Amino acid sequence: MKISRASVIVTSPGRNFVTLKIETDEGIHGIGDATLNGRELAVAAYLAEHVVPMLEGRDPADIEDTWQLLYKGAYWRRGPVTMAAIAAVDMALWDIKGKALDTPVYNLLGGRSRTGVLCYGHASGRTIPDAIEKVQSLQEKGYRAIRVQCVVPGIDNMYGTPRGETAGQRPDLPFVEDGWATEKYLRFAPQLFAEVRDAIGYDVHLLHDAHHRLTPIEAGWLGKRLEDFQLFWLEDAVPAELQESFRLIRQHTTTPLAVGEVFNSLMDCHQLIREQLIDYVRATVVHAGGITHLRKLANFAEPYHVRTGCHGAGDLSPVSMAAALHFGISTHNAAIQEYGHHSEETHAVFPHAWSFSDGYLHPGEAPGLGVDIDEELASRYEYSRSYLPVSRKVDGTVGSW
Ligand code: EZ4
Ligand code: CO
């Protein structure tokens with residue numbers, strides 16, 4: 001079998017997604033997600049201009065060799081653009097291999113390690129009672145793990161919380177500006193979790209995302225005060241470019257720590273893992289070099305008691321979710337999967353075999369990844385440039401969003 005053609009499809013069914021489709025001379029095709037939120041066309045161009053010409057004529061069965069070719073052969077290593085592009089090729093090749101062998105990809109990764117992939121949904125409140133209602137409504141839908149975020153009184157437009165129609169929009173800028181005040185947040189977050197636990201008890205896992213806004217000592221302070229509310233994890237307490245930051249957090253709290261949705265390589269977290277400074281690594285298939293590299297990362301983490309909790313926000317396409325679930329069902333130290341919301345339009349563009357039931361996600365039994373792209377439908381949703389928000393602190397300084 002040979003790769004006969006590869007094409008990049010950009011579509012925007014509610015939000016932008018970049019998809020790579022690889023076709024073969026035997027009529028089998030595979031697809032991979034290449035979406036990098038807010039920088040989509042950089043990956044689309046990387047693929048179309050630089051990767052696609054390298055693929056044609058290759059044997060799609062040689063997944064490891066293709067991975068090494070694209071990684072080492074570029075000379076310029078790592079980075080989200082490169083690794084998302086490699087990931088898209090990798091996913092598509094696993095998809096083709098599964099279809100060629102008429103078996104779901106998880107079977108090629110060693111078979112099932114569990115019966116379903118535990119997932120968490122998002123409860124996001126404007127007030128604490130509103131957040132509690134959202135948690136309860138997810139519980140009614142069967143969720144066993146729920147991330148809770150809530151607007152902090154006095155902070156205008158916060159990450160992960162519902163905003164008003166025009167909130168944060170500046171007519172002079174193409175992006176939204178959020179506000180931030182660490183002291184207000186640190187005071188509020190323990191109160192939020194005290195009230196949520198009071199209302200719903202301890203039968204459901206609760207998670208929280210600090211989204212890179214704290215310093216290590218602030219994170220230690222917060223983690224300590226959240227211990228009694230028994231969080232599944234505190235996510236992205238600090239940015240992790242400096243891996244040793246997590247030593248300081250660990251000295252101060254036993255709240256489990258997760259980090260790494262922006263990681264694109266094992267090299268971004270080898271110290272975090274080796275020194276057991278975190279409990280969960282959030283690296284995901286699309287941004288960390290595909291199934292091939294994420295498996296290596298997870299295998300490295302296993303003896304250090306570090307498990308995966310892959311990023312799965314709505315800006316990762318249903319193709320990513322399919323790959324994440326084949327990874328999650330088969331990988332022994334895959335603990336949990338984020339399950340963001342996709343619009344109905346998105347589900348229609350990407351028909352998929354994966355499904356949610358009773359708090360767990362299932363990859364389905366279709367050969368390959370069990371997901372496809374309806375190109376005719378995709379072509380009806382034109383790309384539209386969009387940015388992630390930017391965060392500014394009270395004094396106007398740009399912060400980490
Ligand atoms: O901000 O996916 O845990 N989930 C997150 C996400 C990320 C977005 C960035 O594109 O932090 O909401
Ligand atoms: Co996050």
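Counting convention: from 1, in listed order, for ligands and their atoms alike. A quick note: this is a predicted structure, and the numbers were derived from the prediction, not measured.
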Would you please say whether a donor-acceptor pair under 3.5 Å links the side chains of Gln136 and Glu140?
-> no
Would Arg170 count as a cation-pi partner of Phe175, with NZ or CZ less than 6.0 Å from the six-membered ring centre and within 45° of the ring normal?
-> no
Ligand 1 atoms nearer than 4.0 angstrom to some heavy atom of Ala313 are 2 (O), 6 (C)
Please confirm whether Asn37 comes within less than 3.5 Å of ligand 1 when only nitrogen or oxygen atoms on both sides are compared.
-> yes
In terms of atom number and element, which parts of ligand 1 are under 4.0 angstrom from non-hydrogen atoms of Arg147?
-> 3 (O), 4 (N)
Can you tell me if an N/O/S atom from Asp236 lies under 2.8 Å from the Co ion (ligand 2)?
-> no
For atom 11 (O) of ligand 1, which protein heavy atom lies nearest, and how many Å away is it?
-> Glu261 OE2, 2.6 Å
Could you list which atoms of ligand 1 come closer than 4.0 Å to a heavy atom of Trp401?
-> 1 (O)
Within-cut-off N or O pair, His311 and ligand 1, under 3.5 Å = yes
Does a donor on one side chain and an acceptor on the other come within less than 3.5 Å for Arg77 and Thr82?
-> no
Are any of the N or O atoms of Tyr159 closer than 3.5 Å to those of ligand 1?
-> yes
Do the charged groups of Asp268 and Arg78 touch, with an N to O distance under 4.0 Å?
-> yes
For Asp209, the atoms of ligand 1 under 4.0 Å from one of its heavy atoms are 3 (O), 4 (N), 5 (C), 11 (O)
Audit row: Phe17, Tyr381, ring pair (Phe, Tyr, Trp, His ring centres under 6.0 Å) steps and yes/no | CA-CA 10 Å; Phe17 294 111; Tyr381 301 104; over 10 Å; no
With atoms numbered from 1 as shown, which atoms in ligand 1 lie under 4.0 angstrom from a non-hydrogen atom of Arg282?
-> 3 (O), 4 (N)
Smallest separation among heavy atoms of Pro318 and Trp354, with atom names = O-NE1, 3.1 Å
Can you tell me, to 10 degrees, how wide the angle at the Co ion (ligand 2) is between OD2 on Asp209 and OE1 on Glu261?
-> 180°
Atoms in ligand 1 with a heavy atom of Glu338 nearer than 4.0 Å | 3 (O), 4 (N)
Mark up the atoms of ligand 1 that fall under 4.0 Å of a heavy atom belonging to His211, in ascending order.
-> 1 (O), 5 (C), 7 (C), 11 (O)
Does the ring centre of Trp401 sit less than 6.0 Å away from the ring centre of His212?
-> no
N/O/S atom of Glu235 inside 2.8 Å of the Co ion (ligand 2), strictly under = yes
Donor-acceptor side-chain pairing of Glu64 and Thr292 below 3.5 angstrom = no
For atom 2 (O) of ligand 1, find the nearest protein heavy atom and state the residue, atom name and distance (0.1 Å precision).
-> Asp315 OD1, 2.7 Å
Determine whether the aromatic ring centres of Trp180 and Tyr185 lie less than 6.0 Å apart.
-> yes
Would you call Arg250-Glu275 a salt bridge at under 4.0 Å N-O?
-> no
